[in-house]
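Below you'll find the structure, written out as structure tokens, and then a few comments.
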Amino acid sequence: MVSAAKHHQGACRAWRNAAECCPPGPDNPLGEYAILLGIPGYLIHGTNRPEGVGMRVSHGCIRMLPGDIEDLIYRVPKGTQVRLIDEPVKIGWTQRGTLEVQSYPIPETTPEELAERVEQTFASVTQAANQRGVLVDYARLKELVVNPDGIPHPVMLTDAPFEVPYHFYDQVTLDPTLFSQLDATPVQATDD
């Protein structure tokens with residue numbers, strides 16, 4: 001039997017039975033529930049350390065809050081296809097039609113890489129916004145990319161979409177080149 005500590009070091013990759021690998025108890029890093037993926041040794045699981053959820057602290061597994069995995073495990077049928085997306089910035093629409101951005105920290109990012117990520121995010125968000133005719137809060141968007149927290153945030157100038165009179169678009173154009181004029185360098189924290 002392999003201890004929970006060994007799992008944390010990646011030793012459970014060869015095990016298909018998580019119970020053999022990490023016995024139940026408060027020291028089990030898998031929490032109470034785990035979903036096996038088609039990739040041997042990789043799981044979607046709970047955790048005994050909720051502060052690690054959403055962080056790059058495991059060896060490839062996806063950690064969920066205990067209540068979230070408990071809800072998910074009974075709703076997802078066996079054999080459901082899982083798509084893993086490893087992107088530092090995710091863009092999507094809520095059911096209410098709100099444009100949201102979810103940005104994750106990437107260790108050891110250079111200022112040039114961060115500036116490029118800001119520029120790429122601005123381009124992607126501008127394209128998504130233009131497709132639905134919504135306005136973007138670019139200052140908030142830049143803040144989310146420069147200081148990521150892994151939580152989805154709305155980036156529209158309003159909380160929910162609203163009807164814009166047709167003549168409004170005769171006077172204003174959402175021009176993707178405008179964001180290129182913004183300073184994309186990270187803001188340095190001060191000790192004030």
Spacing of M64 atom CE and Y33 atom OH [to the nearest 0.5 Å]: 12.5 Å

Sequence-distant partners of N48, side-chain hydrogen bond (donor to acceptor under 3.5 Å, both in side chains), two or more places apart: none

Criterion side chain to side chain contact (heavy atoms under 4.5 Å, CB included) on T109 and R117, from CA distance to verdict: CA-CA 10 Å; T109 300; R117 188 173 316 121; 3.5 Å; yes

Beyond-backbone contact of L43 with I35, side-chain heavy atoms, under 4.5 angstrom: no

Distance in Å, H153 NE2 paired with D137 CG, rounded so as to fall on 0.5 Å steps: 12.5 Å

Results of side chain to side chain contact (heavy atoms under 4.5 Å, CB included) for Q102 - residues two or more places apart only: K90, Y104, P152

Pairwise distance CD(E119) to CG(L114) - rounded to 0.5 angstrom: 12.0 Å

Side-chain heavy atoms of I91 within contact of L99, under 4.5 Å: yes

Heavy-atom pair with the smallest gap, counting every atom of V145 and S103: CA-OG, 3.7 Å

Same apolar cluster (I L V M F W Y, side chains within < 4.5 Å links), V82/I73: yes

Side chains of E112 and E116 in contact at under 4.5 Å (non-hydrogen atoms): no

Single-linkage hydrophobic cluster, 4.5 Å side-chain cutoff, I151 and L65 together: no

Non-neighbouring partners of D71 that pass salt bridge (Lys or Arg N to Asp or Glu O under 4.0 Å), sequence neighbours left out: R75

CD1-OG1 distance between I69 and T47, expressed to the nearest 0.5 angstrom: 11.0 Å

Spacing of OG1 belonging to T98 relative to CD belonging to E100, to within rounding of 0.5 Å: 6.5 Å

Polar side-chain atom of R140 near backbone of P154 as donor-acceptor pair, under 3.5 Å: yes

Side chain to side chain contact (heavy atoms under 4.5 Å, CB included) assessment of V146 paired with V118: CA-CA 7 Å; V146 172; V118 168; 4.1 Å; yes

Nearest atoms (heavy-atom pairs only) where F122 meets Y138: CZ-O, 3.6 Å

Minimum side-chain heavy-atom gap H45-I62 below 4.5 Å: no

Pairwise side-chain contact, V89 with L144, heavy-atom cut-off 4.5 Å (strictly under): no

Nearest heavy atoms of G97 and M156, plus distance in Å: O-SD, 3.9 Å

Under 3.5 Å donor-acceptor, T80 side chain and V76 backbone: no

Minimal non-hydrogen separation, V155 against V125, with atom names: CG2-CG1, 4.3 Å

E113: side-chain hydrogen bond (donor to acceptor under 3.5 Å, both in side chains) partners, not counting sequence neighbours: T110

CD on Q120 to CD on E87, rounded to 0.5 Å: 9.5 Å

